A.B. asks: 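Take this structure first; my questions come after.
Start at 1 with the first residue, then count along the sequence. A quick note: this is a predicted structure, and the numbers were derived from the prediction, not measured.
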Amino acid sequence: MSDNLPTTAQPAAQPGRSPVRLRPEIAELPPYRQGKPAAPDAFKLSSNEVPFPPLDAVLSAITDTAADSHRYPDGAALALRTALAEANGVTPERIHIGAGSVALLSQFITATAGPGDEVVFAWRSFEAYPGLVTVAGATSVRVPNRPDGSHDLEAMAAAVTDRTRVVIVCTPNNPTGTVVEREAFLAFLRSVPSDVLVLLDEAYREFVTDDDAVNGIPLLDEHPNLVVLRTFSKAYGLAGLRVGWAIGHELVLDGARNAAIPLSSTAPAQQAAIAGLANAEDIRARVAVITARRDDLAAALREQGWFIPAAQGNFVWFGLGEQTASANDTFLAHGIVGRAFPGDGVRISIGEAESIEPLLAAAAEILAGLPADHPTREGVRSR
C-alpha cells in the first residue's frame, strides 16, 4: 500500500537556511548570547553573577529537593509565593513565579502585545528586550538613553502611542548601571495611560545604595498597571537555578500565568529561593561586600580619568563606542572576560577581589590609547 502513496519532491536544504519555514522576523533575529566563559587563569566578569557560592542552607535545600526529582514541581509555586507575599505584605495571588525574570518578561509581553502593537523601552538596555518583543509579534520602540547612560523618561512617555501596550523601565539599567529616581518615575507613571502595562525591571534592586532611587513595590496599590520584576539570580546567587518573581495586580499576573510554559519553575529552584529568603541577613552581608567593591572600583576608574555612569548594579559600564572591540581585546589580554556590546561599550561585572588589580591595569592601558576627545573620558561629556 505504501508504494501507492503520492510523493512530493523535496528541495535540498541550502546551507545557512532552515529546512522548514520560519517566520522571517524570527529567522533574522540574532540569538541571545550569554557571557563568554573564562580560561582557568582569567576572571569571568561577563554575566553579572556574584562570585560567592550558594549559602549552606541553600545547598541543603537543593539537595533535599533533588531526591524527589522524579516528581513534578508545584506548578503554582505556592510555598515560595507565600514566603514572598509575607515578606512584602500582600496576598500570594499578587505574586507570580517564573524561570528567571527574563521568562516573566516574555510572559507579560506575550500576554499584552501582538502584531500591530508596540513595546517601548530605553536603549541601550537589557539585550533580551528586542528579541522578546519580536517573538511576541509586536514592534520595538527604542528610546535612546541620555548621554550619562540613564533613561530619558520624558522621551519614553512621548513615545507612547495608541499602539503602545507595554513600557519597560530597567533600574538599575543593564548595562549602564544608572537608576531611575522615585519622583521622576512617579511623574512618568502619571503621564502613561492607565491601560498600558508598565514593567519595572528591578533585577538588580538589592545592590542599590542611592536613597533617591525608585523602589517599585510601595507604588503598586496606587498604580494597578504597574508590575515589578525581581530575580534570585543576582544578589541571591541562584543564576544557575533560574527563578524570578513578579508582584502586581492579580488580574494582570493572571495574564502572564496564562502565557507561561507550565511547570517551568523547578522544585530545587523554589526551595533554594525560600532558603535564601530565610537567610536574608547573610545575603545582605554578601551584597554589602559587592557594593563596596563596586564603589571602590568606580572611584578608582574615575581617578584614572574615566567617565563611569553612576553604578548601582553589580557591574560598571565603559561606554567605548567604536573602540569597544579593541578595548575588549585588551581586557581579555589581562584575563578580564567582560561583556562587549559592539559599537556601544563593555560591561564588567563585580567579581572576586583578585580581579580588581588586572582590571584596573587593563583600563589604564585602554584609556591611554583613546582619543583626547573620547566621550568616555571624564569631563569630555560636559564640554
Side-chain angles (χ1 to χ4, degrees), residues 34 47-108 126 128 172 174 199-208 215-217 220 227-248 250 253 256-257 260-290 313-314:
Q34 68 183 111
S47 297
N48 289 346
E49 301 149 330
V50 294
F52 309 114
L55 297 171
D56 289 344
V58 171
L59 287 174
S60 295
I62 295 170
T63 302
D64 293 344
T65 311
D68 291 325
S69 293
H70 58 301
R71 303 294 185 187
Y72 282 113
D74 174 11
L78 182 58
L80 177 54
R81 287 169 50 220
T82 299
L84 286 165
E86 291 175 353
N88 291 279
V90 298
T91 62
E93 289 74 22
R94 295 188 61 185
I95 304 289
H96 176 44
I97 304 299
S101 57
V102 67
L104 297 171
L105 283 161
S106 175
Q107 293 164 23
F108 282 107
F126 182 33
N174 175 18
L199 293 176
L200 188 63
D201 187 350
E202 293 189 313
Y204 301 91
R205 172 64 201 176
E206 289 86 354
F207 300 101
V208 173
N215 176 3
I217 293 177
L220 291 169
V227 170
V228 176
L229 305 179
R230 301 280 181 91
T231 184
F232 287 92
S233 296
K234 308 303 180 184
Y236 284 81
L238 301 183
L241 289 180
R242 313 305 303 127
V243 55
W245 58 287
I247 179 171
E250 178 182 351
L253 299 190
R257 286 187 262 261
I261 296 174
L263 305 172
S264 59
S265 177
T266 67
Q270 294 175 31
Q271 292 304 314
I274 292 171
L277 289 171
N279 292 271
E281 286 297 327
D282 292 334
I283 297 296
R284 281 192 285 268
R286 290 181 167 196
V287 167
V289 172
I290 295 297
N314 64 331

A.B. asks: Would you say the side-chain atoms of Q270 pair up with the backbone N or O of S265, donor to acceptor, closer than 3.5 Å?
C.D. replies: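 Judged by distance alone, yes, a pair lies under 3.5 Å.
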A.B. asks: Of all residues at least two apart in sequence or in a different chain, which pass the side chain to side chain contact (heavy atoms under 4.5 Å, CB included) check with Q271?
C.D. replies: A61, T65, I274
A.B. asks: Are side-chain heavy atoms of D201 and N174 found at a separation under 4.5 Å?
C.D. replies: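 Not touching, per the 4.5 Å side-chain cut-off.
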A.B. asks: Using a 4.5 Å cut-off on heavy atoms from C-beta on, say whether the side chain of F52 contacts that of V289.
C.D. replies: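 Answer yes - side chains close enough.
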A.B. asks: If you count the non-hydrogen atoms of other residues, nucleotides and ligands that lie under 6.0 Å from CG in D56, is the total more than 12?
C.D. replies: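 Atom CG in D56 is not crowded, with 12 or fewer foreign heavy atoms closer than 6.0 Å.
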A.B. asks: Mind checking what makes side chain to side chain contact (heavy atoms under 4.5 Å, CB included) contact with T231, not counting sequence neighbours?
C.D. replies: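 Applying side chain to side chain contact (heavy atoms under 4.5 Å, CB included) to T231 gives S101, A203, S233, K234.
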A.B. asks: Is any side-chain heavy atom of R242 less than 4.5 Å from a side-chain heavy atom of V102?
C.D. replies: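 Sidechains of V102 and R242: in contact.
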A.B. asks: Please tell me if the side chains of I290 and P51 come closer than 4.5 Å, counting only heavy atoms from C-beta onward.
C.D. replies: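 In short, these two side chains touch, coming nearer than 4.5 Å.
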A.B. asks: Ignoring hydrogens and angles, write down the donor-acceptor pairs under 3.5 Å from the side chains of residues 88-98, residues two or more places apart or on other chains.
C.D. replies:
unit_1, atom_1, unit_2, atom_2, d
N88, ND2, L84, O, 2.8
T91, OG1, E93, OE1, 3.3
R94, NE, G248, O, 3.1
R94, NH1, D221, OD1, 3.0
R94, NH2, D221, OD1, 3.4
H96, NE2, Q107, OE1, 2.6

A.B. asks: Using side chain to side chain contact (heavy atoms under 4.5 Å, CB included) as the criterion, list what pairs up with A76, not counting sequence neighbours.
C.D. replies: D74, R81
A.B. asks: Do the side chain of E202 and the main chain of G216 share a donor and acceptor less than 3.5 angstrom apart?
C.D. replies: yes
A.B. asks: Decide yes or no for L105 and L199: does some side-chain heavy atom of the first lie under 4.5 Å from some side-chain heavy atom of the second?
C.D. replies: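 SC-SC contact between L105 and L199 confirmed.
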A.B. asks: Quick one: list whatever passes salt bridge (Lys or Arg N to Asp or Glu O under 4.0 Å) with R205, sequence neighbours left out.
C.D. replies: none
A.B. asks: Please check if the number of heavy atoms outside L263 that lie under 6.0 Å from its CG is greater than 12.
C.D. replies: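 Buried by this count: over 12 neighbours within 6.0 Å.
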A.B. asks: State which residues pass ring-ring contact (aromatic ring centres under 6.0 Å, His included) with Y204; sequence neighbours excluded, sorted by chain then number.
C.D. replies: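 Once residues adjacent in sequence are excluded, the partners of Y204 under the ring-ring contact (aromatic ring centres under 6.0 Å, His included) criterion are F315.
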A.B. asks: Is any side-chain heavy atom of F108 closer than 4.5 Å to a side-chain heavy atom of L253?
C.D. replies: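 Yes - at least one pair of side-chain heavy atoms lies under 4.5 Å apart.
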A.B. asks: So which atom in G237 and which in P54 form the shortest heavy-atom distance, rounded to 0.1 Å?
C.D. replies: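 What the structure gives for the nearest pair is O-CG, 4.5 Å.
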A.B. asks: Please tell me if the side chains of F232 and L277 come closer than 4.5 Å, counting only heavy atoms from C-beta onward.
C.D. replies: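 F232 vs L277: side chains touch.
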A.B. asks: Is the closest side-chain heavy-atom distance between L241 and I62 below 4.5 Å?
C.D. replies: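 Side-chain contact under 4.5 Å: yes.
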A.B. asks: Does N314 reach the main-chain N or O of N48 with its side chain, forming a donor-acceptor pair under 3.5 Å?
C.D. replies: yes
